[in-house]
2 protein chains.
Amino acid sequence: MDKEILFQQFVAFTTSVHEATFELTKNVKPEDITPLQYSILEYIAVSQPVTLSQISECKHISMPNTSRELRKLTEKQLCEKFEVPDDRRKQLIRLSESGQTMMNKAFQQIGTRFFERIQYLSAEDLDEIQHALAILQSKVFDANK
Amino acid sequence: MDKEILFQQFVAFTTSVHEATFELTKNVKPEDITPLQYSILEYIAVSQPVTLSQISECKHISMPNTSRELRKLTEKQLCEKFEVPDDRRKQLIRLSESGQTMMNKAFQQIGTRFFERIQYLSAEDLDEIQHALAILQSKVFDANK
DNA sequence: TCCATTACTTATCATATGATAAGTAAAAAC
DNA sequence: GTTTTTACTTATCATATGATAAGTAATGGA
């Protein structure tokens, strides 16, 4: 096993993943929110409830900027802030009902495109894919976590 | 095989890939170029020689903006434009010597981090990974291409 | 030969995003 | 009980990026 060749394959692979992500997600974001705001909403959607600090850390956005974008999102009624009882400095953030609806719609579009992509694959192919995803995630991508 | 579960696994996977890409590439970009410029240089590095139109299409940047960024990159002496003999409207773009040096350094850093990540894996693990990358790329990510 | 298209440029504007400084209020540490 | 740290806010500035309009020059097609 030549590690140099594996590295090249890895680079090509991640490029393909980024491009596929682009294709699967293009145009799912409503006009009136920015890309950054959409990516924050995506994060909230899968991890809610979250604190501002979590968003800041996971999305690599400074606290002031996270605060600003979150203010805009709450102004647009897409998410809501809740006080946390045991620590009044913190805030828990969830999608609002309309935010949830919006993200459900987005995820559904992405899902549809994903299913189109895999529709011609056999059950064995799908098993193989599921196995490959698990292997790579545990041994390469989530390594050192 | 529940496709809905596969989709969720797929989403989690791409998130991990994006995060790993972030970790592997952070701080490799020199101070004096912007993220977009770096990503263009990356593309040129692996695909050179390329035309402006190719960069524009592959990186999803409008022609005027591609032209502008490329002007900045040539001003910084990181890439060079060549006329193509059979069509004088087109231009072929390559990294300059210093651009090549810069990108070599960047790729080398990324490589080092990648090898750190896989250093404790067995030869069998690596074979499995190589196989998983190939499967996913051909059956899922490069599908419809 | 004239017209349409292609490949790219130049100029300009709007805005999203990043960075930094300074502030508040609660909690934790001492 | 005072100080320090944490979690977040507000304000401000710089700039990277995206969008659009208009232009040039070469090519290709009728």
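Values below: all heavy atoms of this structure, side chains included; hydrogens, waters and symmetry mates excluded. Predicted, not measured: the structure shown is a model, and the values here were computed from it. Below, chains carry the letters A, B, ... as their sequence lines are ordered, and counting in each starts from 1.
Annotation for B:Arg113 and B:Asn27: closest pair NH2-CB, 4.4 Å, computed over non-hydrogen atoms.
Between B:Lys90 and B:Glu83 there is no salt bridge, since no side-chain nitrogen of the basic residue lies less than 4.0 Å from a carboxylate oxygen of the acidic one. Ion pairing of B:Glu75 with B:Lys72 is absent here, as no side-chain N (NZ or NE/NH1/NH2) approaches a carboxylate O to less than 4.0 Å.
Each of B:Asn65 and A:Pro64 was matched to the nucleotide of DNA chain C holding its nearest heavy atom; the match closer to the 5' end belongs to B:Asn65. Between B:Asp86 and B:Gln37, the residue anchored closer to the 5' end of DNA chain D is B:Gln37, taking for each the nucleotide with the nearest heavy atom. Mapping B:Leu92 and A:Glu69 onto DNA chain C by nearest heavy atom places B:Leu92 closer to the 5' end of the strand.
Looking at heavy-atom distances under 4.0 Å, A:Pro35 makes contact with sugar-phosphate atoms alone, never a base. At a threshold of 4.0 angstrom between heavy atoms, the contacts of A:Asp87 are confined to the sugar-phosphate backbone, with no base atom among them.
Ring orientation note: the planes of B:Phe114 and A:Phe7 are tilted relative to one another, at an angle of 30° to 60°.
Bounding nucleotides for the chain B contact on DNA chain D, 5' to 3', at a heavy-atom distance below 4.0 Å, are D:dA16 to D:dT27.
Here A:Arg88 reaches the OP1 or OP2 of C:dA26: one of its side-chain N or O atoms lies under 4.0 Å away.
By the salt bridge (charged side-chain N to carboxylate O under 4.0 Å, His left out) test, A:Glu42 pairs with no residue at all, sequence neighbours left out.
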Step-by-step side-chain contact (heavy atoms from CB on, under 4.5 Å) determination, B:Ile118 to A:Lys3: CA-CA 9 Å; B:Ile118 63 169; A:Lys3 287 191 173 185; 4.3 Å; yes

